[in-house]
Each structure stands twice: as structure tokens, then as C-alpha cells.
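What follows is one structure encoded as C-alpha cells, with my remarks underneath.
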Amino acid sequence: PYDVLVIGGGPAGAAAAIYAARKGIRTGLIAERFGGQVMDTVGIENFISVPYTEGPKLAASLEQHVKEYGVDIITEQRAVNVQRNEMVDIQLQSGATLSSRSVVLATGARWRELGVPGEAEYRTKGVAYCPHCDGPFFKGKRVAVIGGGNSGIEAAIDLAGIVEHVTVLEFADTLRADDVLVRKAKLMGNIDIIVNAQTTEVLGDGNKVNGLAYTDRETGEDKKLDLAGIFVQIGLVPNTEFLKETHLEMNRMGEIVIDARGATSLPGVYAAGDATTVPYKQIVISMGAGATAALGAFDYLIRSSVE
Ligand code: FAD
């Protein structure tokens, strides 16, 4: 068995694996895709001490750093269940089960979907979730951003520099984004903001998106917009569905509840990063949390083992 098995190979998982391995204990890391969300990111300008880097480059450095420590890296494997028995048993989709004296759950998060007709059909055919990745495809075209939180307004500002026009649709009657972002968006000149708008359908010609339908929640009127692209920016969903039988405390949003040491409600089970209740979802924050969780797990191990 492992001493620490990390589930997830994003910034949180990589940091946890390095911190655990540096204690000289048997460390493994399972990840569906090494790098996590970082692989979907283009420019990164807030990774402290590195003024500018790019996602795939940072992900490669993370992997290289983890590999320097003799961590057992198992990629392209998905954990489907975690059970606290005598040890912590991690069941993989392949059917294999791994055992560890402690685990660090660092499975991150993914963009929330709208769940309206047409969304799935037109994904990658005009429906996008990552403005950094897909923005340039809509150069000179009209797009919508759904969601008026910080990520939606940031996306609108970002896209407005590339595309012809951006319409932001917010479900509530006010934007939730910071004032400074809203002011910036209004200064761009090619961003319209519509509040009280409930998106009801992604419209297309069979091959690609050509518009969207929404209901004006104030008047009840159904409206349409002609567009080439729709960026969905309505939040992040933690990748914690595989823990539904783990009997672990999670909040309403499915985020794993952790304490200041990264401990969850189950002994020996630690968690870090975007999958947890940590308030801000960022690379440096996930890395710090990964380090904390590994140290927490190490503390647990030295207290629980007198064999
Ligand atoms: P993730 O990066 O989500 O990694 C999760 C890992 O878990 C992956 O390896 C995944 O394959 C694995 N996994 C998930 N489920 C399972 C399972 N069941 N079994 C096995 N493995 C599993 N942050 C910044 O600080 N600066 C930025 O500029 C920035 N830009 C961003 C741009 C985009 C487009 C996105 C999507 C995010 C951006 N972020 C940015 C946020 C940042 O990427 C995340 O906060 C960070 O990656 C979270 O790290 P994590 O390790 O918690 O999770």
C-alpha cells in the first residue's frame, strides 16, 4: 500500500505529491489528465515569481518536478470510488483497487453547463467554455457570454478585443461581477449587457451555432440573438461525484469540506484545491493547499502508526 495516494494531477495534486514524497514516504498519484485545468489555460500572469507562462508549459514543469521524486504516477486512470476501510481503498475505472494509508483528494473542478437544448449538440461548434482557448475562432464575429459574474465579465472583456461584438446575458437582475470589471466592460464600446435573461436554447443550422433564444424574465417575452459563438461562464462544478458513496462531508455545491490542515471529515482523507471549499480557485492557492494537505496527511501518518 501507499502511504499517501494523491488523486488528481493538477497544481494541487502535484504540490501534494511533491510534499509527501519529500518526507520519504511511499507516494502515488493518479490522474485522468496530468496538468488539470492548467492544460486548458493559455496565458498565466499571476503565478507568483513567474511574470508570464502558458498552461501546457506549466503543466510540463509540474510533471517534471513530480517525476524527480520517485512518485508512482498513474495517468489516464479515473478513480470511481473511495472507501475508508482499514486503509483507504481507491477503486479505479479499470477495475483495479489501490490501497493507501492516507489520500489527498485533488480532483479539481470543471465549468458548469447551461443544460439547455442545443448546448451539447453544438459544443465545439460554437458553444465554448474557455475564452482563452476558443476566443480567436470567433474573430470578427458576434458572440454571447452567459453569466455576469467575474468570470463572465472577464471573458466579455477578453473577447471584446477579438470579436466584433459581445452580448452578456445575466439571469439575475444585477451583475455579480466586481464594479471595476463592469466599468471596464462598459468602456469597451462593443459589449452589451442584458440582465434578467434566461437562456432557453442554443440555436444552430445543424452544423454550427447561429443564435440563442432567451426569455426576458421581467416581461416574459421570448427573444433571439444572432450569434456565431456562446461562451458559458456560469461557474465551476467540483469533480467530486465519484465520492458520493464515500460518506465525506461536502457543502451544497459538492465541494469537499476541509479544515485548515486540509483534513476532511474522514480520518486519513485529506483534500486540496478547486474540489474543496477553499474560497478562491487559483493555481497558487491550489498549490499551497496541496502542500498543506500533504503535510496534514504526514502528520496523521506519524500519529496513527505505531506498528
Ligand atoms: P485541476 O487543475 O482541475 O486538476 C484536477 C486533476 O484531477 C486533473 O489532473 C484531473 O484529470 C484529475 N481528476 C479529476 N477527477 C478525477 C478522478 N475521478 N480520478 C482521477 N483523476 C481525476 N488560475 C490562475 O491562478 N491563473 C490563471 O490565469 C488561470 N486561468 C485559468 C483559465 C482557465 C481556462 C481555467 C479552466 C482555469 C484557470 N485558472 C487559473 C484556475 C486554475 O487552473 C485552477 O484553480 C487550478 O488548476 C486548480 O487546481 P486543482 O489541482 O485543484 O484542480
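Counting starts at 1 for both ligands and their atoms, in listed order. Keep in mind the model is a prediction, meaning the values are calculated, not measured.
By the 4.0 Å heavy-atom criterion, Ala275 is excluded from the residues contacting ligand 1.
Within the listing of ligand 1, atoms 18 (N), 19 (N), 20 (C) sit less than 4.0 angstrom from a heavy atom of Arg78. Under a 4.0 Å criterion applied to the non-hydrogen atoms of Trp111, ligand 1 contributes the atoms 36 (C). Atoms of ligand 1 lying under 4.0 Å from at least one heavy atom of Gly273, given by number and element, are 52 (O). Per-residue contacts place Ala31 under 4.0 angstrom from the following atoms of ligand 1 (heavy atoms of the residue considered): 9 (O), 21 (N). Heavy-atom contacts of Arg33 reach the following atoms of ligand 1: 8 (C), 9 (O), 10 (C), 11 (O) (cutoff under 4.0 Å). Per-residue contacts place Gly108 under 4.0 angstrom from the following atoms of ligand 1 (heavy atoms of the residue considered): 1 (P), 3 (O), 5 (C), 52 (O), 53 (O). Against a heavy-atom cut-off of under 4.0 Å, Lys281 is close to the following atoms of ligand 1: 41 (C), 45 (O).
Both tests hold for Arg217 against Phe171: distance to the six-membered ring centre under 6.0 Å, angle to the ring axis within 45°.
For Phe138 and Phe231, the distance between ring centers is under 6.0 angstrom.
Every residue meeting the side-chain contact (heavy atoms from CB on, under 4.5 Å) condition with Ala271, not counting sequence neighbours, appears here in chain and number order: Leu105, Ile256, Ile258, Thr264, Thr276.
Residue Asn46 touches ligand 1 through its side chain alone, judged by heavy-atom distances below 4.0 Å. With a 4.0 Å cut-off on non-hydrogen atoms, Phe47 does not touch ligand 1 at all.
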Donor-acceptor contacts, no H, no angles, side chain residues 27-35, under 3.5 Å, sequence neighbours left out:
from	atom 1	to	atom 2	distance (Å)
Thr27	OG1	Ala21	N	3.4
Thr27	OG1	Ile25	O	3.0
Glu32	OE1	Arg78	NH1	2.9
Glu32	OE2	Arg78	NH1	2.7
Arg33	NH1	Asp40	OD1	3.1
Arg33	NH2	Gly36	O	3.0
Arg33	NH2	Asp40	OD1	3.4
Arg33	NH2	Asp40	OD2	3.0

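Ion pairing of Asp216 with Lys223 is present here, as a side-chain N (NZ or NE/NH1/NH2) and a carboxylate O approach within less than 4.0 Å.
Heavy-atom neighbours of Glu241 CD from other residues, nucleotides or ligands within 6.0 Å: above the threshold of 12. Within 6.0 Å of the CD atom in Glu68, the count of heavy atoms belonging to other residues, nucleotides or ligands exceeds 12.
Remark: ligand 1 and Gly9 share an N or O pair separated by less than 3.5 Å (distance only, no angle test).
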